[in-house]
K.L.:
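There's a structure below that I have some questions on.
The analysis underlying the following values was restricted to heavy atoms, covering all of them including side chains, and did not include hydrogens, waters or symmetry mates.
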Amino acid sequence: MKPGPQNPRPTSDADTSDIGRRIRRLREERGISLSELARRAGVGKATLSGLENGTRNPTLETLWTVTAQLGVGLAAVVDTGPVVHGTAVQGVLLHAFEEEGAAYELYRLFFPAGSAQTSPAHPEGVTEHLTVFAGTLRAGPADAPLTAGPGEYVTWRSDVPHTYAALGEHDVHASLLIRYPRKRSERRETPGEPARQTPDLRPHEGLHGAPYEDEDLSERGSSSSSWRSAAPSPGISPPGASSGR
């Protein structure tokens, strides 16, 4: 397996100054100093300053680390449409949306054959749901990754470091849905009335500021943090795949 590129490409084809302004605004709204956010995210102060000023192109992993410490999803700082780059992955944020219990980000992903990368932990309770359309991908918690081929689906709690690796000689095409749960403290007391927020001091918040709620994984077993489909999903194999899959 080949390691990821040693000199990652820019994070996004989008204007990095827009990304930087959004990160600075989120940081200042939370009353966090530049030095403190850099410490929490494990990045250099100069790196974070350059990111906020739009003069530095971070890796996708750096953006995920910084936004996790700000308690928001990547969609809070990156627009839909432009390609974003990690050490190995190329992705497009297709759609970001919210429902009563969670916020979601939907991505189209591409991994060159033989590439691999490790991504930092997301906030507590966040889960990833990945479907492979072509190639074979090993992905999931760094200590217990899962393998999926064309038409197969895997999911895991991504509030721990997690990995992606394209196995074999073929590129991998996949989709990824990231779920950011809300906290149960956000409830509706009377039908038709707006939700009331109870005070909460945890730094983790949803896509637009709503606090997270842990996902109920009891149906999959309380001791398991990841899950793989038992068989390929019908009807979604890529063109050219054998009918036996």
K.L.:
Between Arg22, Arg27, Arg21, Arg25, which is the residue that forms a side-chain hydrogen bond (donor to acceptor under 3.5 Å, both in side chains) with Glu52?
P.N.:
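Going through Arg22, Arg27, Arg21, Arg25 one by one, the side-chain hydrogen bond (donor to acceptor under 3.5 Å, both in side chains) with Glu52 is satisfied by Arg27 alone.
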K.L.:
Is the backbone of Thr87 close enough, under 3.5 Å, to the side chain of Glu61 for a donor and an acceptor to pair up by distance?
P.N.:
yes
K.L.:
Can you tell me how far CG of Leu176 sits from OH of Tyr164, rounded to the nearest 0.5 angstrom?
P.N.:
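Result: 5.5 Å between the selected atoms.
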K.L.:
Quick check: do Leu130 and Trp156 have side-chain heavy atoms less than 4.5 Å from each other?
P.N.:
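Counting from C-beta outward, Leu130 and Trp156 do come under 4.5 Å.
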K.L.:
With the 4.5 Å side-chain cut-off for hydrophobic clustering, are Ile32 and Val66 part of the same group?
P.N.:
yes
K.L.:
Does either side chain, that of Ser119 or that of Gln117, offer a donor lying less than 3.5 Å from an acceptor on the other one?
P.N.:
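Gln117 and Ser119 do have a side-chain donor-acceptor pair below 3.5 Å.
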K.L.:
Quick one: does Arg30's side chain have a donor or acceptor within less than 3.5 Å of a partner on Leu70's backbone?
P.N.:
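Yes.
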K.L.:
Which distance, rounded to the nearest 0.5 Å, do you find between the CD1 of Ile23 and the CG of Leu37?
P.N.:
8.0 Å
K.L.:
For the residue pair Phe110 and His173, categorise the inter-ring angle as parallel (less than 30°), tilted (30 to 60°) or perpendicular (more than 60°).
P.N.:
tilted
K.L.:
Treating Asp159 as the side-chain partner and His122 as the backbone partner, does any N or O pair qualify as donor plus acceptor under 3.5 Å?
P.N.:
no
K.L.:
Has the side chain of Thr67 got a donor or acceptor atom that lies under 3.5 Å from a matching backbone atom of Gly73?
P.N.:
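No, the answer is negative, given that no donor and acceptor are paired below the 3.5 Å cut-off.
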K.L.:
NE2 of His170: more than 12 outside heavy atoms within 6.0 angstrom?
P.N.:
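No - once you tally the heavy atoms of other residues, nucleotides and ligands closer than 6.0 Å, there are 12 at most.
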K.L.:
Using a 6.0 Å cut-off, check whether atom CD of Glu169 has over 12 heavy atoms from anything other than its own residue.
P.N.:
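For Glu169, atom CD is not crowded (no more than 12 foreign heavy atoms under 6.0 Å).
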K.L.:
Taking C-beta and beyond as the side chain, do Leu60 and His85 meet within less than 4.5 Å on heavy atoms?
P.N.:
no
K.L.:
Could you tell me whether the side chain of Asn53 reaches within less than 4.5 Å of the side chain of Arg24, counting heavy atoms only?
P.N.:
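Yes, close enough: below the 4.5 Å cut-off.
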K.L.:
State, to 0.1 Å, how close Ala75 and Glu105 come at their nearest heavy-atom pair, and which atoms those are.
P.N.:
N-OE2, 2.8 Å
K.L.:
Looking only at heavy atoms, which two atoms of Val132 and Gly149 are closest? And how far apart?
P.N.:
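The pair with the smallest heavy-atom distance is CB-O, 3.4 Å.
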K.L.:
What distance do Thr127 atom OG1 and Leu177 atom CG have between them, rounded to the nearest 0.5 Å?
P.N.:
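The CG atom of Leu177 is 7.5 Å from OG1 of Thr127, to the nearest 0.5 Å.
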K.L.:
Could you check if a side-chain atom of Tyr107 sits within less than 4.5 angstrom of a side-chain atom of Leu74, using non-hydrogen atoms only?
P.N.:
yes
K.L.:
Would you give the length of the straight line joining atom OG1 of Thr136 to atom CG of Asp171, rounded to the nearest 0.5 angstrom?
P.N.:
11.5 Å
K.L.:
Do Leu137 and Val154 touch side chain to side chain, with heavy atoms closer than 4.5 Å?
P.N.:
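Not touching, per the 4.5 Å side-chain cut-off.
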K.L.:
What closest approach, in Å, do Thr155 and His129 show between heavy atoms, and which atom pair accounts for it?
P.N.:
OG1-ND1, 2.9 Å
K.L.:
What's the shortest heavy-atom distance between Pro161 and Ala121, and which atoms?
P.N.:
N-CB, 3.9 Å
K.L.:
As an exercise, state the distance from OG of Ser17 to CG of Leu51, rounded to the nearest 0.5 Å.
P.N.:
11.0 Å
K.L.:
Under the side-chain contact (heavy atoms from CB on, under 4.5 Å) test against Leu34, which residue among Glu28, Lys45, Arg39 passes?
P.N.:
Lys45
K.L.:
Taking the inter-plane angle between the rings of Phe97 and Tyr104 on a 0 to 90° scale, is it parallel (under 30°), tilted (30 to 60°) or perpendicular (over 60°)?
P.N.:
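Phe97 vs Tyr104 ring planes: parallel.
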K.L.:
Taking all atoms of both residues into account, what is the closest heavy-atom pair of Thr147 and Arg138, and its distance?
P.N.:
OG1-NE, 3.6 Å
K.L.:
Within a strict 4.5 Å, meaning less than it, do heavy atoms of the Glu124 and Arg157 side chains meet?
P.N.:
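Yes, side chains in contact.
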K.L.:
Given side chains that start at C-beta, do those of Val160 and Asp143 come closer than 4.5 Å, heavy atoms only?
P.N.:
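SC-SC contact between Val160 and Asp143 ruled out.
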K.L.:
Any idea which heavy atoms bring Pro120 and Thr65 closest together, and the distance?
P.N.:
CG-OG1, 2.9 Å
